[in-house]
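Data block below; observations after.
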Number of protein chains: 2
Amino acid sequence: MRIVVLAGGIGGARFLRGLKRAVPDADVTVIGNTGDDIHLFGLKVCPDLDTVMYTLGGGINEEQGWGRTDETFHLKEELAAYGVGPEWFGLGDRDFATHIVRTQMLGAGYPLSAVTEALCDRWKPGVRLIPMTDDRVETHVAVTLPDDGSAEGPGERRAIHFQEYWVRLRASVPAEAVVPVGAEQAKPAPGVLEAIAEADVILFPPSNPVVSVGTILAVPGIREAIADAGVPVIGLSPIIGDAPVRGMADKVLAAVGVESTAPAVAEHYGSGLLDGWLVDTVDAGCVERVEAAGIRCRAVPLMMTDVDAAARMAREALTLAEEVRAV
Amino acid sequence: MRIVVLAGGIGGARFLRGLKRAVPDADVTVIGNTGDDIHLFGLKVCPDLDTVMYTLGGGINEEQGWGRTDETFHLKEELAAYGVGPEWFGLGDRDFATHIVRTQMLGAGYPLSAVTEALCDRWKPGVRLIPMTDDRVETHVAVTLPDDGSAEGPGERRAIHFQEYWVRLRASVPAEAVVPVGAEQAKPAPGVLEAIAEADVILFPPSNPVVSVGTILAVPGIREAIADAGVPVIGLSPIIGDAPVRGMADKVLAAVGVESTAPAVAEHYGSGLLDGWLVDTVDAGCVERVEAAGIRCRAVPLMMTDVDAAARMAREALTLAEEVRAV
């Protein structure tokens, strides 16, 4: 079975680990979000790709869900001692190695997809991990900063890097717009469209529908390829009972005018793209609404408390795919 | 008193610490060797400049004489896990920060001299540290590698980076030639010639006469400026009793046809450059030979066992400078 998964960071990575346990022999291609990539200290950092790679490769810091296990932060301390920031982005000593290798390979002319493949040679994630594009796409968030006497000035509207919005500001101000800068000009990375065309099923894990899955879909050709693939496309709601399972998906959903509920996210994807949608059992009441939108829907437990729970979710998604296929 | 010191790494740095203790109010300008600079992992590493900066700034690993105190090596371990080398060059997690900041500033267009000044803003070494040049100079060593079945092939003559000769091979094969590649086209960094012209005394610490002081002197204009400065130029022998105090200076002295003795190094610098020369008390018997070469010479203890010993050496050098001046 060939499965394509569109993944963001933590939610996507943990779902993938469940999927690998549920169907260990499946041929899984992960199309990773690169819209949250950022240049820090002259290095190219790809947080979502790395979270998938570390999680599936056994190097993830389990507790926080990102970064490396057994990590130290001496390099970052020293950068701060030099007055070099930003300090709000937590790069550890071990993690730095990934960014140094990546930056060096990119500088030598390799595209990000080839670099990612080389990094995965070490981590052996058990999936094929492809960045959505080799081109530079950077998600920016339009915000109006509060009058805090800061250099930005009171009430000034600015576009800031997604990481600055997410990590530094902790989404503490409304996201007025979310723009994947560069996406319109980007091309899918080699292998992306081929994997979609050859897939038996396509899954949207409980990743952020705007800044993770949404950014991947913003690369011209990817949404169309998924819609035209003629195979079941199944999503899992990242919203349980009107709140994001983790992160601050509600903040960026508001920016695109979508309410933070499981059925609203399904409608946002739309029946032109999505064939099936899993909501949590607490949202069982909305199954009818989703199905009214032309999307087959089931209510199952969606809390990824451990790998087994994630594996059960993956099995439910594949079961729903078979239902869709059988229709 | 304005003092100019031409410094390499460990020997130069430890002598400078003694000099600062001996004459804390002196205005000291250090012209640092950059011939041993190397690009590693896409980063610009300046071992000699950093050894001076860390030693005088209180961040040095005292025991080994280079690198940072309280250091960890997680990043390097991870690079090795990615199969990215070289593994023979010991960059620690804290040390990496210096190279990242430097590389980022160089990439932004700042010359190395400005970058070094910025790094010293943090370390406050108590001296003005200027790289010998802002241009790229790289010391290469010609060697004939032994027939060890390696990829290089038996008996093949190759030019390798000085660091590879020094750190990887531990100078285990003869240095057939030492070439400061790029030196001929290099210009002294801003401030170098001015500091020499304004100096009251110029010191050559017990640094390597070939690959440290010699490389600095190979930058067109520096040797001439020192010879023409009209102030005492005093050196301290890095050779005690026919052996280098530390390092493998004998190996590179052989490459330039100079025997590894205190008087031979003085003669190598020559009376056109050097006015005074300190040899160790065990080499008292060669004072006459040095003076016969037109260089005033004294025998004093030259083992830098601690900062006080280095301070005594600095005082002896300044005393010899006064003797020279009084003639």
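Per chain, numbering begins at 1; letters A, B, ... match sequence-line order.
Using a 4.5 Å cut-off between heavy atoms, B:L43 touches chain A through its side chain atoms alone. Residue B:E77 touches chain A through its side chain alone, counting heavy-atom pairs closer than 4.5 Å.
Using cut-offs of 30° and 60° for the angle between ring planes, the B:W123 and A:Y82 rings count as perpendicular.
Judged by distance alone, with hydrogens and angles left aside, the side-chain atoms of A:E71 form a donor-acceptor pair with the main-chain N or O of A:R94 at under 3.5 Å.
Between A:T29 and A:I3, every side-chain heavy-atom pair lies at or beyond the 4.5 Å cut-off.
The cationic atom of B:R68 (NZ for Lys, CZ for Arg) lies less than 6.0 Å from the six-membered ring centre of B:Y54 and within 45° of the ring axis.
Between chain A and the residues B:Q104, B:E78, B:H74, the largest count of heavy-atom pairs under 4.5 Å involves B:E78.
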